[in-house]
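Notes to accompany the following structure.
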Amino acid sequence: MESADQTTRKVIPIVPAPVGAEDTSEEGAWGELYAAHQKIYPRSVQGIFAKWRWGFVFLTQIIFYCLPWLEWGQRQAVLFDLGVRRFYIFGIVLYPQDFIYLTGLLVISAFSLFLFTAIAGRLWCGYACPQTVYSEIFMWIERKVEGDRTARMRLDSQDMSLEKLVKKWYKHFLWIGLSIWTGFTFVGYFTPIRELGMEFFLGNMSSWEVFWVFFYGFATYGNAGFMREQVCKYMCPYARFQSAMFDKDTLIVTYDAERGEPRGARSKKADLATLSLGACVDCTLCVQVCPTGIDIRNGLQYECIGCGACADVCDTVMDKVGYPRGLVKYSTQHAMQNKWTASQTLKHIFRPRVLIYTGILLLVVALLFGSLLTRKSFKVDVVRDRATLARIVSGGNIENVYRLQIMNAAEKRQHFKVTAEGMYELKVLTDSEDLTVESTQSRWVSVRLQVPYDSAVPGSYPVRFTIEASDDNETGHTLLEEKSVFLIPR
Amino acid sequence: MSDFTSNFWSLYVAGIALVGIVACLLLLYFSGKAKAMTAHDNTTGHVWDGDLREMNNPLPRWWVGLFLITIAFALGYLVLYPGLGNSAGKLGWSSAGQYDAEVAKANQALEPLYAKFAGMPPEDVAKDPQAMAIGDRLFMNNCAQCHGSDARGGKGFPNLTDKDWLHGGTHEKIKETLVKGRIGNMPPMAAAVGSADDVRNVAHYVLSLSNSPHDALRASLGKPKFVACAACHGPDGKGNQTIGAPNLTDDIWLHGWGENAIIAMVNNGKVNQMPAQAGKLTEAQLHVLASYVWGLSNQPAAK
Ligand code: SF4
Ligand code: SF4
């Protein structure tokens, strides 16, 4: 293939593929741009990776379904209350102004994804993605009702009968039940779930709650019941850009073609050494278990979600025929090429991109937790009055007006004192001495600053507000500083 | 009223919308017919860089269904909503109409809340923390633009927290001001007062009324000239609330303090306007807002 003219050329021409040696018979066929969907009937699978996947299914779903029911003090432990714009996460109360934490969380998620993808490919897809997890649960229900792959295929090809009708209805009944419960749980993160449960059973949920319970339920039902691998293949953006994060040291599910080919069926007693056959017995089980319906023996394909089902099933085949395991396995391109051992492969995990991802990830995690730990029990926004720039008040003072929004982020009542400095003879006036803000409430107060007329030339001067908080029991004093400017007009 | 003499632009917009949709349909139709040559290894036969080949992975047909649904949606949308040039759409929707409907809905939802305050005397409303919180928000949205967020006004905009009122500070008067708005008119008085020197003397007399720093001699010379001003501000300069003439004997200077500011007012006059709020706020809101403002100037003395 390599030739001087190919390596030096600048333009990238499109030329017809050279017809391969085994491809000489025909030119091919005219195919359509759209194809009817082929239903996939994945066979159930057991093995180490299947165990891992079920482990993740349980872990993520226990968290998802149980978290909203947890109580913390007098309230739901995790509640994103959109109505009053307070986000409760265990001991933390966040305001919309704290959205920076969400940014931090998203950055952490993104870099975790980059990191895991660089190390082990589509780990997320195969084990933790909700699409995979719910498909797994729905397929489990399907298997319990209709049986495994062959039974399901037979059932679908049969004419409608009472038995088929019952099985289908029963399956959809279970699916829909689970879907609605999922939608209900989802809404339970945004509105108190116990009350929502009452409303649900009394039939007086608000129209938006009804919408979201059923919309989320419908999405679960449709995606996990019907769309399944098509979401991964045609809709998922992550599936598209993650190939940019792969390199030749990334773990992928691979078929060891050198060892497996030429494939072929054989008698159980035949001695591998005397046959001109590779280790693959061509049982096609790896194709039957694949949830995206591909043949891993054709090499890495974009449809492969890295679930390891083919590796699991091939290992059981290898055990049965008495060959060593690992014909289909997690490995890297380099490891396959250079015939590295597992420990040699492991050594190549630490490459620059992995170290950079890890570094950034640790940094952002440290920043996020650091700032959460040192977070003050309240927040203040200082807004200069939008109408009056400055005014002269009786007594010959120049006055600027500020609106302070004091947000009490603690679950106790706090009292606030406002002082300011930055200018000569600066006076602070508030309408009332007692600036009390109830637990998790916020309050606007007007604060006036005055300086004597003629004490400074016209212009803009930086001033610093200090807001001091103390709670009812005088247990804690917290200080917060906010900057603003004082204007002296001409 | 039409922006243009012909409805060319309306047809142009409608044409673009419809042609776009029809073009999508055609594209869908022809791409559904088209076929691609596929070799046995499921590649299209295109090769880049010697070994990079294009696979043929046909899109599932339900995508076509989705496209058809979006086209049906677009057509339905254009029938129901304005989008085809000047057509108003079957639903008669407009953004202004939607806004009005939302406001009406919100007001209706708030009615029971306001109903509680409607029957209460203003003194009680002013003591109710919930009513005051509502009043504060109404004030911020409707009044703070001129009177400042602390209601203490500024040059040309009256302070609402003191006891000095141009048109009266009772609850009824405040409400009347809110509903109807006010126009304060000080005509240019220089001609009536006399020479530039006379104007200056009057200014010093006015300063003397409130015991502000002034030139006593000029003030005594200005006193007789004040007759021209007395028609509105009264012979003693205490103002007249029925016509909104300010009291000149206190230390409150709406249009600026000092000799120059007063001279400017006498020479140029001033028309000051408070816009009417009747159309913007409901009766119940006006009641709460008037009580709030009344409460501002009648609160227990603050520091
Ligand atoms: S499961 Fe293993 S042995 Fe069977 S066809 Fe696949 S690769 Fe070959
Ligand atoms: S090829 Fe193997 S790892 Fe990839 S999706 Fe199919 S079963 Fe899972």
Side-chain angles (χ1 to χ4, degrees), chain A residues 1-3 6-7 9 12-20 22-23 25-38 227 230 233-234 298 301-303 383-396 399 401-403 429-433 443-448 453 489, chain B residues 28 31-64 133 136-137 140 143-155 157 159 161-162 210 212 250-253 256-258 296 299-300 302-303:
Chain A
M1 282 297 230
E2 288 276 304
S3 78
Q6 268 178 349
T7 47
R9 93 183 137 213
I12 300 172
I14 301 174
V15 295
V19 179
E22 68 276 8
D23 215 11
S25 53
E26 277 174 61
E27 287 210 316
W30 288 95
E32 305 215 2
L33 293 184
Y34 303 101
H37 170 229
Q38 300 285 319
M227 300 303 286
Q230 303 186 66
K233 280 163 73 171
Y234 304 115
N298 293 339
Q301 292 146 72
Y302 80 94
E303 293 98 331
V383 181
R384 268 189 55 84
D385 186 42
R386 294 185 171 112
T388 343
L389 279 184
R391 60 189 170 214
I392 299 166
V393 293
S394 50
E399 184 175 84
V401 186
Y402 305 81
R403 292 273 283 175
L429 296 114
T430 50
D431 276 339
S432 72
E433 276 285 294
R443 178 178 164 186
W444 284 97
V445 290
S446 296
V447 175
R448 288 168 286 144
Y453 193 68
Chain B
L28 213 54
S31 68
K33 291 259 159 200
K35 291 196 189 263
M37 174 54 105
T38 314
H40 285 295
D41 54 357
N42 199 29
T43 59
T44 57
H46 299 152
V47 175
W48 293 266
D49 275 357
D51 61 350
L52 191 60
R53 290 184 295 162
E54 184 185 14
M55 304 284 288
N56 175 31
N57 287 314
L59 210 55
R61 196 162 281 135
W62 51 260
W63 271 105
V64 182
D136 185 52
R137 279 191 280 276
M140 284 304 147
C143 318
Q145 291 82 348
C146 293
H147 294 284
S149 54
D150 66 345
R152 282 181 173 74
K155 194 174 172 192
F157 302 105
N159 181 346
T161 65
D162 57 15
S210 59
S212 303
D250 56 15
D251 197 14
I252 290 165
W253 304 95
W257 174 83
L296 289 177
Q299 58 196 349
K303 199 172 77 138

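Reminder, nothing fancy here: chain letters follow the sequence lines and each chain counts from 1.
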Original post:
Could you walk me through whether B/Trp62 and A/Met227 pass the side chain to side chain contact (heavy atoms under 4.5 Å, CB included) check?
Top reply: CA-CA 11 Å; B/Trp62 51 260; A/Met227 300 303 286; 3.4 Å; yes
Original post:
Heavy-atom distance under 4.5 Å to chain A: side chain of B/Asn159, backbone, both or neither?
Top reply: neither
Subject >> Heavy-atom contact with chain A under 4.5 Å, split by part of B/Trp63 >> reply: side chain
Subject >> Rounded distance (nearest 0.5 Å) linking atom CZ of B/Arg152 with atom CG of A/Leu429 >> reply: 8.0 Å
Original post:
So which of B/Ala34, B/Ser31, B/Ala144 has the largest heavy-atom pair count under 4.5 angstrom toward chain A?
Top reply: B/Ser31
Subject >> Euclidean distance, A/Arg391 CZ relative to B/Phe157 CZ, rounded to 0.5 Å >> reply: 12.0 Å
Subject >> Value rounded to 0.5 Å, distance of CE in B/Met140 from CZ in A/Arg403 >> reply: 3.0 Å
Original post:
Can you name the closest pair of heavy atoms from A/Tyr234 and B/Pro58 and give their distance?
Top reply: OH-O, 3.8 Å
Subject >> For the student: nearest non-hydrogen atoms of B/Ser149 and A/Ser446, plus distance >> reply: O-OG, 3.5 Å
Original post:
What part of A/Gln38 is in contact with chain B, defined as an atom under 4.5 angstrom from a non-hydrogen atom: side chain, backbone, both or neither?
Top reply: neither
**OP:** For side chain to side chain contact (heavy atoms under 4.5 Å, CB included), just list the numbers for A/Arg448 and B/Asp150, CA-CA rounded to whole Å, side-chain angles, deciding distance to a tenth of an Å, and then say yes or no.
**Re:** CA-CA 8 Å; A/Arg448 288 168 286 144; B/Asp150 66 345; 3.1 Å; yes
